[in-house]
Asker: 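Before anything else, here's the structure in question.
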Amino acid sequence: MTVKTRIPPSPTGRFHIGTARTALFNYLFARQNGGKVVFRSEDTDRARSKKEFEDEIIEGLHWLGIDWDEFSRQSERGARYREALETAIAGGHAYVSREPAKDDPSREVEVVRLKNPGREVVFEDLVRGPINTHTGDLADFVIARSLDDALYHFAVVVDDFDAGITHVIRGEDHISNTARQILIQEAIGAPRPAYAHLPLILDAKRAKLSKRNGTAVSVGDYRDEGILPEGLVNYLALLGWNPGDEREYFALPELVEAFSLEGVQKSGAAWDREKLLSVNQHWMRALSDEDFVRRGGLSAPDEARLAQAVPLLKERARTFGEARQMLEGELSCLFAAPTPARETLLAKEPKEGPGLAKTALESLQKAINGLPEGVSPEAAKEAVMPLADAEEAKQKGGRGAVLWPLRYALSGQERSPDPFTLISILGPKESEIRIKNALAILAG
RNA sequence: GGCCCCAUCGUCUAACGGCUAGGACAGCGCCCUUUCACGGCGUAAAUCGGGGUUCGAUUCCCCGUGGGGUCACCA
C-alpha cells in the first residue's frame with residue numbers, strides 16, 4: 001500500500017506557521033515513504049473562505065519547497081457529499097432533522113445529523129499510542145447544514161476516503177475530533193486511516209500561538225523580513241521533532257531522508273525567535289555571495305562595493321531585513337563618504353597627549369598612501385599596526401589612540417567593521433581622502 | 001466544568017531501567033579585537049511533587065499538581 005498524506009489548509013486566514021509545519025511533516029512523511037501528497041483546500045465555509053488566502057497558502061508552500069501530487073477543493077465537491085449523505089441516510093446512519101435554526105430560533109431548518117451509536121471509540125495514534133474517547137456526549141451531532149451543505153467533519157472523511165489517504169498527520173487540537181470522524185467513516189463505510197497527532201506550537205508564554213503578544217504567525221511575515229525558506233523549514237522541522245542524533249542543520253532533502261514519526265515529540269513546543277534567527281543565519285551563510293545578494297534582494301549605489309560587503313553581512317546579519325538595514329546604517333560608509341564629528345575623532349585621545357589623533361592620522365595617511373589598490377585587509381594591517389604599536393602611542397593611549405581615529409575617520413560610525421577591512425574595501429586612495437577630510441575637521 | 005493529551009536546563013531537545021543526565025539556541029566569563037560583529041575557549045543552568053515496582057529509576061505503574069487541547073448548523 002502506498003502512503004498518501006494530505007495538506008488540508010482552510011483558506012480563512014493568512015498562511016499560518018502552524019499550518020506550514022503540519023504541511024511540512026505530511027510532506028516529509030510521504031516523500032520518505034515514496035508516497036503521494038494531496039493538497040486540499042478546505043473551503044466549505046463559504047462565508048469565511050477567500051481565494052486570496054488560498055493563493056497565499058499555495059504560494060507560501062511552494063516558497064518553502066513543499067509540493068504535492070493532487071489538488072482538490074471542497075467547494076467543488078458538493079455533489080459527492082450529497083451522494084455520501086444520502087447513502088448514510090439510506091443506510092440508517094444519519095437522518096434529516098427539522099429544528100429551529102441556531103442563529104435564529106424563529107426560523108425552522110432541516111439539518112442532517114449522524115445517528116450516534118454512542119460507543120467507546122479507540123484509535124491508535126502513531127505518536128501517542130492508543131487513545132479512547134466516549135462518543136456518547138457527542139450526541140447525534142450535525143454533519144451537514146443541508147443535503148447540499150456538508151460540514152467540515154463530514155467533508156473531510158469523504159475526501160480522505162475518496163483520495164485514499166493512508167495517514168492523517170495533523171495538530172493535536174484534532175485529537176478530540178478524531179472519534180467523531182471515525183464514527184462518520186463507519187457510517188459511510190470508509191476505511192480508517194492511520195493517525196498521528198503533532199504537538200502544538202506555543203508562544204513564548206506557552207499559550208496557543210497567536211498574533212497578540214507580538215509573535216508573527218504568518219509565513220509571509222517571515223518571508224518579508226528576510227527569513228530564508230531553508231531556515232524556516234529547518235527550524236519548523238526541529239519544533240516537535242528531532243533526528244535522534246545531534247545534527248541541527250537540515251536542508252529539505254536531508255529532512256526527507258532523516259524524518260520519522262518516532263522522533264516526533266508529544267508535548268507542545270514554544271516558538272523561539274532567537275533560535276529561528278540562528279538557524280536562518282546558518283543558511284544565509286551557506287549561500288554563495290551572488291545568491292546572497294540576489295535572494296536577499298539587496299541593492300546599493302555601487303554593485304562592486306556591495307559584493308565586497310557580502311562577507312561582512314554574512315557575519316553580521318541574521319535576516320535579510322537586518323542586512324538591508326546594515327547597508328543603510330553601519331555599512332553605509334562603504335558607499336558614501338562620512339562626515340566624522342570632531343569630538344568623536346578625539347574620543348580616545350589621552351589627556352596627557354593632546355594632538356595625538358592629528359599626528360596619528362598624518363602618519364597613517366603616509367603609510368596608506370603607499371598601498372596598492374585592492375590591498376588585502378591583512379596587508380593593510382601590516383602597514384598600519386606598526387604605527388599603532390609605536391612607543392609613543394603605547395605610552396599615551398595604546399593602539400586605540402591610533403586605531404580609533406583611523407576607523408572613525410574612515411567610517412564615521414561608532415560601530416563599523418575594523419579599519420583594515422575598510423581600507424581594503426575602500427582602497428588606499430579613498431581612504432586617504434577620508435583621512436584628509438578628518439584632519440580638516442580636526443583643524444577646523 | 002466534562003472528556004482527552006502532555007510534563008528533562010530559560011527555550012528546542014538527547015538519554016527507549018544501569019557511566020559525572022549529553023547537544024543546540026539564548027545567558028554569563030575569558031581570549032582575539034582598545035568599536036561593532038565574527039571566531040576560539042570556558043561556565044552556569046533541568047529530570048514538577050508524593051507514593052509504589054525494582055538490586056537500581058529521567059525511563060514502568062498510581063495519585064496529586066501544573067500546562068495545553070476540545071466540547072459549533074467554524075475549520
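Just so we're clear, the structure is a prediction, and the values are computed from it rather than from any experiment. Every chain is numbered from 1, with letters handed out A, B, ... down the list of sequences.
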Asker: Compute the centroid of each ring, for A:Trp271 and then for A:Tyr222, and state whether the two points are separated by less than 6.0 Å.
Answerer: yes
Asker: Give A:Lys266 one of three labels, base, sugar-phosphate or nothing, depending on what nucleic acid heavy atoms sit under 4.0 Å from its own.
Answerer: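 Sugar-phosphate contact only - A:Lys266 comes under 4.0 Å of backbone atoms but never of a base.
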Asker: With the side chain counted from C-beta on, respond yes when A:Val109 and A:Arg145 share a heavy-atom pair under 4.5 Å apart, and no when they do not.
Answerer: no
Asker: Which nucleotide wins on minimum distance to the side chain of A:His174, given the candidates B:A14, B:A75, B:U35?
Answerer: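 Looking only at side-chain atoms, A:His174 lies closest to B:A75.
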Asker: Picking from B:G69, B:C73, B:A37, which would you name as closest to the side chain of A:Ser176?
Answerer: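 Among B:G69, B:C73, B:A37, the one nearest the side chain of A:Ser176 is B:G69.
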Asker: Please tell me if A:Arg206 has a side-chain N or O lying less than 4.0 Å from either OP1 or OP2 of B:C12.
Answerer: yes
Asker: Once you apply the 3.5 Å cut-off to both distances, tell me the Watson-Crick or G-U wobble partner of B:G2, or none.
Answerer: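 Paired with B:G2, as far as the under-3.5 Å criterion goes, is B:U70.
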Asker: When we call it a touch if two heavy atoms are under 4.0 Å apart, what does A:Asp245 touch: a base, just sugar-phosphate, or nothing?
Answerer: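 Result for A:Asp245 = nothing.
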Asker: If you look at every strand shown and take non-hydrogen atoms under 4.0 Å, does A:Pro243 touch a base, only sugar-phosphate, or nothing?
Answerer: nothing
Asker: Classify the nucleic acid contact of A:Glu414 as base, sugar-phosphate or nothing, counting any heavy atom under 4.0 Å across all strands shown.
Answerer: base
Asker: Whether the A:Gln181 and A:His153 side chains hold a donor-acceptor pair (N or O, under 3.5 Å, no angle test) is what I'd like checked.
Answerer: yes
Asker: Of the candidate nucleotides B:U35, B:G22, B:A75, which contains the atom at the shortest distance from the side chain of A:Pro419?
Answerer: B:U35
Asker: So, is A:Arg285 close to the B:G39 phosphate, meaning a side-chain N or O under 4.0 Å from OP1 or OP2?
Answerer: yes
Asker: From C-beta outward on A:Leu403, which listed nucleotide comes closest to its side chain: B:C36, B:G69, B:U33?
Answerer: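 In terms of side-chain proximity for A:Leu403, the closest of B:C36, B:G69, B:U33 is B:U33.
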Asker: For a quick check, tell me whether the side chain of A:Lys275 and the base of B:A26 share a donor-acceptor pair closer than 3.5 Å.
Answerer: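 Absent.
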Asker: A:Ser278 near the nucleic acid: base, sugar-phosphate alone, or nothing, with a heavy-atom cut-off under 4.0 Å?
Answerer: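 Touches sugar-phosphate only.
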Asker: Taking only the side-chain nitrogens and oxygens of A:Lys208, find out if one of them lies under 4.0 Å from OP1 or OP2 of B:U70.
Answerer: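 True: A:Lys208 side-chain N/O within range (under 4.0 Å) of B:U70 OP1/OP2.
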Asker: Using Watson-Crick or G-U wobble geometry with both distances under 3.5 Å, which nucleotide pairs with B:U35?
Answerer: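 The answer is none; no pair meets the criterion.
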Asker: Please name the nucleotide paired to B:G27 by Watson-Crick or G-U wobble geometry with both distances under 3.5 Å, or report none.
Answerer: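 Per the H-bond distance test, B:U43.
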Asker: Taking only the C1' atom of each, what is the distance from B:G49 to B:U58 in whole angstrom?
Answerer: 15 Å
Asker: Could you check if a side-chain atom of A:Leu403 sits within less than 4.5 angstrom of a side-chain atom of A:Val384, using non-hydrogen atoms only?
Answerer: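 Yes, their side chains come closer than 4.5 Å.
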Asker: Using atom C1' of each nucleotide, how far apart are B:A24 and B:C36 to the nearest Å?
Answerer: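 Result for the C1' pair: 25 Å, nearest Å.
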Asker: Using whole Å, what does the distance between atom P of nucleotide B:C6 and atom CG of A:Leu198 come to?
Answerer: 14 Å
Asker: Quick one: which of B:A37, B:C4, B:U33 gets closest to the side chain of A:Arg399?
Answerer: B:U33
Asker: Decide yes or no for A:Phe154 and A:Phe141: does some side-chain heavy atom of the first lie under 4.5 Å from some side-chain heavy atom of the second?
Answerer: no
Asker: For A:Pro9, answer base if it contacts any base atom (sugar-phosphate contacts may also be present), sugar-phosphate if it contacts only those atoms, and nothing otherwise; contact means non-hydrogen atoms under 4.0 Å.
Answerer: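 Nothing, no nucleic acid heavy atom in range.
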Asker: Does B:A75 have OP1 or OP2 under 4.0 Å away from a side-chain N or O of A:Thr44?
Answerer: yes
Asker: Select from A:Glu315 and A:Arg145 the residue whose nearest nucleotide in RNA chain B is closer to the 5' end of that strand.
Answerer: A:Glu315
Asker: Which atom pair, heavy atoms only, marks the closest approach of A:Leu361 to A:Ala438?
Answerer: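 So the minimum-distance heavy-atom pair works out to CD1-CB, 4.1 Å.
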Asker: Set out, in order, the CA-CA distance, both residues' side-chain angles and the distance that settles side-chain hydrogen bond (donor to acceptor under 3.5 Å, both in side chains) for A:Asn177 and A:Tyr152, then state yes or no.
Answerer: CA-CA 11 Å; A:Asn177 287 333; A:Tyr152 166 74; 5.4 Å; no
Asker: Would you kindly check whether a donor in the side chain of A:Asn177 faces an acceptor in the base of B:A75, or vice versa, at under 3.5 angstrom?
Answerer: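 In this structure, the two groups form a donor-acceptor pair.
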Asker: When we call it a touch if two heavy atoms are under 4.0 Å apart, what does A:Ala101 touch: a base, just sugar-phosphate, or nothing?
Answerer: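 Base, at least one base heavy atom under 4.0 Å.
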Asker: Looking only at side-chain atoms of A:Asp45, point me to the closest of B:G69, B:C74, B:U35.
Answerer: B:C74
Asker: Kindly point out which of B:C4, B:U35, B:U33 is positioned nearest to the side chain of A:His134?
Answerer: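 Nucleotide nearest to A:His134's side chain: B:C4.
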Asker: Paired with B:G49 by Watson-Crick or G-U wobble geometry, both distances under 3.5 Å: which nucleotide is it?
Answerer: B:C63
Asker: Using atom C1' in both nucleotides, what's the gap between B:G18 and B:C12 to the nearest angstrom?
Answerer: 27 Å
Asker: If B:C19 has a Watson-Crick or G-U wobble mate with both distances under 3.5 Å, name it; if not, just say none.
Answerer: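 By the stated definition (distances under 3.5 Å), nothing pairs with B:C19.
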Asker: If you measure from the P atom in B:A15 to the same atom in B:G51, how many Å do you get, rounded?
Answerer: 28 Å
Asker: Could you tell me whether the phosphate oxygens of B:A7, OP1 or OP2, come under 4.0 Å of any side-chain nitrogen or oxygen in A:Gln265?
Answerer: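 For A:Gln265, the contact criterion (side-chain N or O under 4.0 Å from OP1 or OP2 of B:A7) is not met.
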Asker: Report which part of the nucleic acid A:Asp173 touches: base, sugar-phosphate, or nothing (heavy-atom distance under 4.0 Å, all strands).
Answerer: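 If one applies the 4.0 Å heavy-atom cut-off, A:Asp173 turns out to touch the sugar-phosphate alone, with no base involved.
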Asker: Can you find a heavy atom in the side chain of A:Leu327 that is under 4.5 Å from one in the side chain of A:Phe335?
Answerer: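 They are in side-chain contact.
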Asker: Do the side chain of A:Arg128 and the base of B:C5 come within less than 3.5 angstrom through a donor-acceptor pair of N or O atoms?
Answerer: no
Asker: With a non-hydrogen cut-off below 4.0 angstrom, is A:Val111 in contact with a base, only sugar-phosphate, or nothing?
Answerer: base
Asker: Reckon A:Gly244 touches a base, only the sugar-phosphate, or nothing at all at heavy-atom distances under 4.0 Å?
Answerer: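 If one applies the 4.0 Å heavy-atom cut-off, A:Gly244 turns out to touch nothing in the nucleic acid.
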Asker: If we call it a pair only when both distances are under 3.5 Å in a Watson-Crick or G-U wobble match, what pairs with B:U54?
Answerer: none
Asker: Rounding to the closest angstrom, what is the interatomic distance between B:C48 and B:U59 at atom P?
Answerer: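 8 Å, rounded to whole Å.
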Asker: To the closest 0.5 Å, what do you measure between CG (A:Leu64) and OH (A:Tyr27)?
Answerer: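 Going from the CG atom of A:Leu64 to the OH atom of A:Tyr27 covers 11.0 Å.
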Asker: Tell me which nucleotide among B:U13, B:G68, B:A75 gets nearest to the side chain of A:Leu200.
Answerer: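 Out of B:U13, B:G68, B:A75, the nucleotide with an atom closest to A:Leu200's side chain is B:G68.
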Asker: Heavy-atom nearest nucleotide on RNA chain B for A:Glu172 versus A:His153: which residue maps closer to 5'?
Answerer: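 The 5'-side residue here is A:Glu172.
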Asker: Contact class for A:Val109 (heavy atom, under 4.0 Å): base, sugar-phosphate, or nothing?
Answerer: base
Asker: Hey, does A:Glu274 reach any base, or is it just sugar-phosphate, or nothing, if we go heavy atoms under 4.0 Å?
Answerer: sugar-phosphate
Asker: Just to confirm, is there a sub-4.0 Å distance from OP1 or OP2 of B:C4 to any side-chain nitrogen or oxygen of A:His197?
Answerer: no
